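Reviewing the structure listed below.
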Protein chains: 2
Amino acid sequence: MNHLPLRRMPNRNYVEAQARIFKALGHPSRLLMAEALLEGPLCVAELQHLVGADMSTVSRHLAVLKSADIVSDEKRGLHVYYSLKLTGLGQFLTSTSAALDKRVQERQAQLTAMMAP
Amino acid sequence: MNHLPLRRMPNRNYVEAQARIFKALGHPSRLLMAEALLEGPLCVAELQHLVGADMSTVSRHLAVLKSADIVSDEKRGLHVYYSLKLTGLGQFLTSTSAALDKRVQERQAQLTAMMAP
DNA sequence: TGCTTATTTTGCAAATTATGCAAATAAACG
DNA sequence: CGTTTATTTGCATAATTTGCAAAATAAGCA
């Protein structure tokens, strides 16, 4: 009878599993790849071009994202395509972007105030 | 004329700043504290009791959350109260919780299928 | 079958970063 | 002052990240 979205009790294991998701996204290269996958699936070579790192490094980053269940992979011919599996990431990035924008604006305002005599 | 929420280009600095947010939440103690703060402000002693770690450790974790602009602090008498500053966290946690639940259910289903003769 | 391409995995070494604990420090209040 | 609450710092230990190179897989093609 409960139509509201449920949230788990702060169970240890649960929190650790959630923390693993955040941790996986807590690296610029991995977050960049996840953001790119918001638009649709990409193969490893494309992701490598995006982040500009060694392919073995990219592959390892992808393994981290996969083990956190953030992405899924599918082989098509010679290529392996990665897709975003975690829903709600786009929305959350929108809020963090807004927060960052606000921070930048506040800095601007402070500077402006300091410049005024 | 664009009423849709904008998302930044995957600018280097921008992605790094966003990654810092995820990284900050990528630790069980910090995520637990952030989740608790969804309900309202708490002082350091209360948060310490929640995570069960040394107060200096808690303080450092809080400093990490603060430097990522996830929380804000305010002194009231002898106590310092922390509040959640980052909007959208609750929603995102709801989606990650759902994802985790699904994963658990899938494991259950696999086990059940294996048990069936 | 052999050859090529795409991707993963592994091992290693170096650099960076994170962690907890304990002691010192600061800030508010009576 | 003395007490309480919180932050900072120093230190030792552990974990992560990265590049590079080499080996291993796996799929498609001649």
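FYI, side chains are in, hydrogens and waters are out, and symmetry mates aren't considered; it's all heavy atoms of this structure. Please read these numbers as outputs of a predicted model, since none were measured by experiment. To find a chain, count down the sequence lines: A is the first, B the second, and so on, and within it residues start at 1.
In terms of phosphate contacts, A:Tyr82 brings a side-chain nitrogen or oxygen within less than 4.0 Å of OP1 or OP2 of C:dT8. In this model, the phosphate group of D:dT18 is approached by a side-chain N or O of A:His27 to a distance below 4.0 Å at OP1 or OP2. Taking side-chain N and O atoms only, A:Lys23 has a distance below 4.0 Å to OP1 or OP2 of D:dT16. Contact between the side-chain N/O atoms of A:Arg76 and the OP1/OP2 oxygens of C:dA6 is not found at any separation under 4.0 Å.
Counting to the nearest Å, the P atom of D:dT17 and the CG atom of A:Leu25 are 13 Å from each other. Protein atom CD of A:Glu74 is 14 Å distant from nucleotide atom C1' of D:dA27, rounded to whole Å. As rounded to whole Å, 17 Å separates atom P of C:dT25 from atom CZ of B:Arg60. Going from atom CG of B:Leu42 over to atom C1' of D:dA6 covers 15 Å, rounded to whole Å. Distance, B:Glu46 CD to D:dT5 P: 12 Å, rounded to whole Å. Distance, A:Asp54 CG to D:dA22 P: 13 Å, rounded to whole Å. Residue B:Gln48 contributes atom CD, which lies 15 Å from atom P of D:dT4 at whole-angstrom precision. Atoms CE (B:Met55) and P (C:dG20) sit 15 Å apart, rounded to a whole Å.
Residues A:Glu35 and A:Met33 form no side-chain contact, since every pair of their non-hydrogen atoms from C-beta on lies 4.5 Å or further apart.
Looking at B:Ser56, its side chain has no donor and acceptor atom pair within 3.5 Å of the base of C:dA23.
Smallest separation of non-hydrogen atoms from B:Phe92 and A:Leu86: CZ-CD2, 3.8 Å.
In this structure, of C:dT17, C:dT9, D:dT4, it is D:dT4 that holds the atom nearest to the side chain of B:Leu78. Of the candidates D:dT18, D:dT7, C:dA27, the closest approach to any side-chain atom of A:Thr57 belongs to D:dT18. Comparing C:dC21, D:dA27, D:dC20 by their closest approach to the side chain of A:Lys75 singles out D:dA27. Of the candidate nucleotides C:dA6, D:dT18, C:dC21, C:dA6 has the atom nearest to the side chain of A:His79. The nucleotide whose nearest atom lies closest to any side-chain atom of A:His61 is, among D:dA6, D:dT17, D:dT18, D:dT18. Listed nucleotides: C:dC21, D:dC20, D:dT7. Nearest to the side chain of B:Leu62: D:dT7.
Remark: side-chain polar atoms of B:Arg30 are paired, donor with acceptor, to backbone N or O of B:Ala24 under 3.5 angstrom. With hydrogens and angles ignored, the 3.5 Å screen pairs a side-chain donor or acceptor of B:His27 with a backbone N or O of B:Ser29.
If you check every strand for non-hydrogen atoms under 4.0 Å, B:Ala53 touches nothing.
Using modelled atom types and a 3.5 Å distance limit, the side chains of A:Gln18 and B:Ser97 yield a donor-acceptor pair.
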